[in-house]
There are 2 protein chains.
Amino acid sequence: MNTSSPSSTIRLYHVALSPFCRKVRLVLAEKRIEVELVEDRFWEPGSEILRRNPAGKLPVLRMDGRLLAESQAICEYLDEVQPQPALMPHAAIERYEVRRLCAWFDDKFNAEVTRPVMTERVWKKVMRLGYPDSRTVKAGLSAIRYHLDYMKSLLEHRRWLAGDVMTLADFAAAAHLSCLDYISDVDWTHSAEVQEWYAKIKSRPAFRSLLADHLPGVHPAPHYALLDF
Amino acid sequence: MNTSSPSSTIRLYHVALSPFCRKVRLVLAEKRIEVELVEDRFWEPGSEILRRNPAGKLPVLRMDGRLLAESQAICEYLDEVQPQPALMPHAAIERYEVRRLCAWFDDKFNAEVTRPVMTERVWKKVMRLGYPDSRTVKAGLSAIRYHLDYMKSLLEHRRWLAGDVMTLADFAAAAHLSCLDYISDVDWTHSAEVQEWYAKIKSRPAFRSLLADHLPGVHPAPHYALLDF
């Protein structure tokens with residue numbers, strides 16, 4: 001951690017392979033907002049997470065002299081203060097659809113897939129909490145297929161998840177799927193539409209920082225950083 | 001269910017004592033949008049919840065010929081299409097604070113208090129799922145105190161939770177607390193600031209429909225509908 005950086009430096013306290021941190025990283029990068037990434041291994045002694053965010057959650061963004069928490073609130077704030085390139089559409093009903101889908105991934109997909117699978121296959125190992133529970137992993141991986149089918153049903157008549165332009169909803173979804181892809185838990189052959197969508201978003205410059213992530217002790221799948229997967 | 005109502009009727013599929021349904025009901029009432037409330041007892045055979053919302057959650061709002069889901073996305077949509085009275089401030093940083101606090105209650109407060117306490121003390125009885133687990137109830141009621149302290153810390157230098165005007169954050173918080181108040185699980189003597197805030201919001205006309213709720217088999221606390229509690 002570079003303690004000498006001036007207070008005007010924008011800094012994101014994050015952890016690799018957190019879908020909520022990744023969503024904010026994607027938004028910052030897409031809007032070309034320079035940010036200093038500081039890893040907060042909040043499960044280790046000495047973490048100051050509660051001082052930065054009383055909710056005890058990451059990410060926390062230090063910006064404009066404040067500490068900002070809650071990934072969706074942060075992303076909407078960034079889109080309002082730095083409107084270009086826009087990640088929210090103009091029409092109210094389209095904005096509704098973006099927010100509905102962000103909640104779909106950050107709430108439902110997270111509860112059914114990301115949290116159980118990542119907890120068992122990554123966080124238990126990193127935090128030394130014991131062995132993974134294979135039934136939980138299996139249930140999560142089974143739930144992915146339902147979600148990929150749902151995404152396919154959207155992408156059959158839309159270019160992006162919420163409509164014909166790329167929005168925050170695509171970043172929310174890609175943030176979750178990219179964590180699972182790191183440990184090779186997404187079967188991209190399940191839907192050509194979803195694979196094509198992920199290839200489009202993965203090839204954006206904003207995605208580069210995520211593809212360079214490396215969590216000590218947990219190696220990325222060989223195809224993880226490949227744009228042709 | 002009134003099947004003869006025209007398709008232009010705004011209809012909310014909801015369940016009493018759901019904080020997410022209550023948040024949307026408060027917003028609709030505050031904005032004087034007439035709505036037909038239709039109870040969806042989604043745990044009983046014949047519920048069409050999945051046809052209305054593939055996420056399988058309430059509330060669902062039928063409006064403008066569409067079925068809208070996800071309470072936060074619905075509330076922001078309502079505030080955009082019917083801006084008066086405004087429930088979101090103008091400044092980006094103030095809007096951020098409203099959204100952060102909505103997430104605080106709908107995510108953290110819900111996981112630590114509302115969901116465990118209401119599941120054990122209300123939904124298990126209503127859905128015939130067995131007896132309440134007293135340790136879960138006790139943990140939830142203990143967590144309330146921490147949250148009341150957090151609200152007190154905000155209200156010591158703000159008139160409302162997110163600042164000096166009433167916003168969606170107050171409705172989100174009041175929606176959760178009103179469910180717990182129905183079963184008498186909020187100790188209002190814990191903080192004079194929080195009690196005063198709740199008295200202010202409870203006395204608004206928008207709150208009346210919530211105070212008239214009655215869930216068969218689960219009786220409201222005697223003080224539940226009293227404005228002087």
Side-chain angles (χ1 to χ4, degrees), chain A residues 20 24 50 53-57 59-61 63-83 88-112 115 143 146-147 149-151 153-154 162 168-169 172, chain B residues 20 24 50 53-57 59-61 63-83 88-112 115 143 146-147 149-151 153-154 162 168-169 172:
Chain A
F20 304 102
V24 174
L50 281 172
N53 176 13
K57 293 195 291 189
V60 173
L61 183 68
M63 185 175 177
D64 303 336
R66 300 167 192 262
L67 290 168
L68 310 177
E70 286 300 335
S71 70
Q72 188 69 14
I74 293 173
C75 290
E76 295 229 23
Y77 175 70
L78 292 172
D79 199 61
E80 292 184 3
V81 295
Q82 186 99 318
M88 292 293 286
H90 279 292
I93 195 67
E94 292 172 7
R95 297 158 71 80
Y96 153 78
E97 181 68 352
V98 171
R99 292 181 178 125
R100 179 187 74 84
L101 286 170
C102 287
W104 179 286
F105 288 98
D106 286 347
D107 184 20
K108 186 177 173 68
F109 189 93
N110 186 55
E112 294 173 358
R115 190 168 53 213
Y146 160 77
H147 284 280
D149 284 338
Y150 181 61
M151 294 175 72
S153 74
L154 296 174
L168 190 52
Chain B
F20 304 102
V24 174
L50 281 172
N53 176 12
K57 294 195 289 190
V60 172
L61 183 68
M63 185 176 177
D64 303 335
R66 299 166 192 263
L67 290 168
L68 309 178
E70 285 301 332
S71 70
Q72 188 68 15
I74 292 172
C75 290
E76 295 229 23
Y77 175 71
L78 291 173
D79 199 62
E80 292 184 4
V81 294
Q82 186 100 317
M88 290 294 286
H90 278 295
I93 194 68
E94 293 172 7
R95 298 159 70 80
Y96 154 78
E97 181 67 351
V98 172
R99 292 182 178 124
R100 180 187 74 84
L101 286 169
C102 288
W104 179 287
F105 288 98
D106 286 347
D107 184 21
K108 186 177 173 69
F109 188 94
N110 186 55
E112 293 172 359
R115 190 169 51 212
Y146 160 77
H147 284 280
D149 284 339
Y150 182 61
M151 293 174 74
S153 74
L154 296 174
L168 189 53

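In what follows, chains carry the letters A, B, and so on, assigned in the order in which the sequence lines appear, proteins first and then strands, with residues in each chain numbered from 1.
Rounded to the nearest 0.5 angstrom, Gln72(B) CD and Gln72(A) CD are separated by 9.0 Å. Atom OH of residue Tyr96(B) and atom CG of residue Asp64(A) lie 11.5 Å apart, to the nearest 0.5 angstrom.
When every heavy atom of Arg99(B) is checked against every heavy atom of Glu80(A), the shortest pair comes out as NH1-OE2, 3.2 Å. Counting all heavy atoms, side chain and backbone alike, Pro54(A) lies closest to Tyr146(B) at O-OH, 3.1 Å. Pairing each heavy atom of Tyr77(A) with each of Ala92(B), the nearest pair is CD1-O, 3.6 Å.
In terms of heavy-atom pairs under 4.5 Å with chain A, the best-connected choice from Ala103(B), Ala69(B), Gly56(B) is Ala69(B).
For the pair Tyr150(A) (side chain) and Ala55(B) (backbone), a donor-acceptor distance under 3.5 Å is absent.
Between Leu101(B) and Glu70(A), every side-chain heavy-atom pair lies at or beyond the 4.5 Å cut-off. In this structure, Leu68(A) and Ile93(B) have side chains that are in contact, with non-hydrogen atoms separated by less than 4.5 Å.
For Arg100(B), the parts lying near chain A are the backbone and the side chain together; criterion is any non-hydrogen pair under 4.5 Å.
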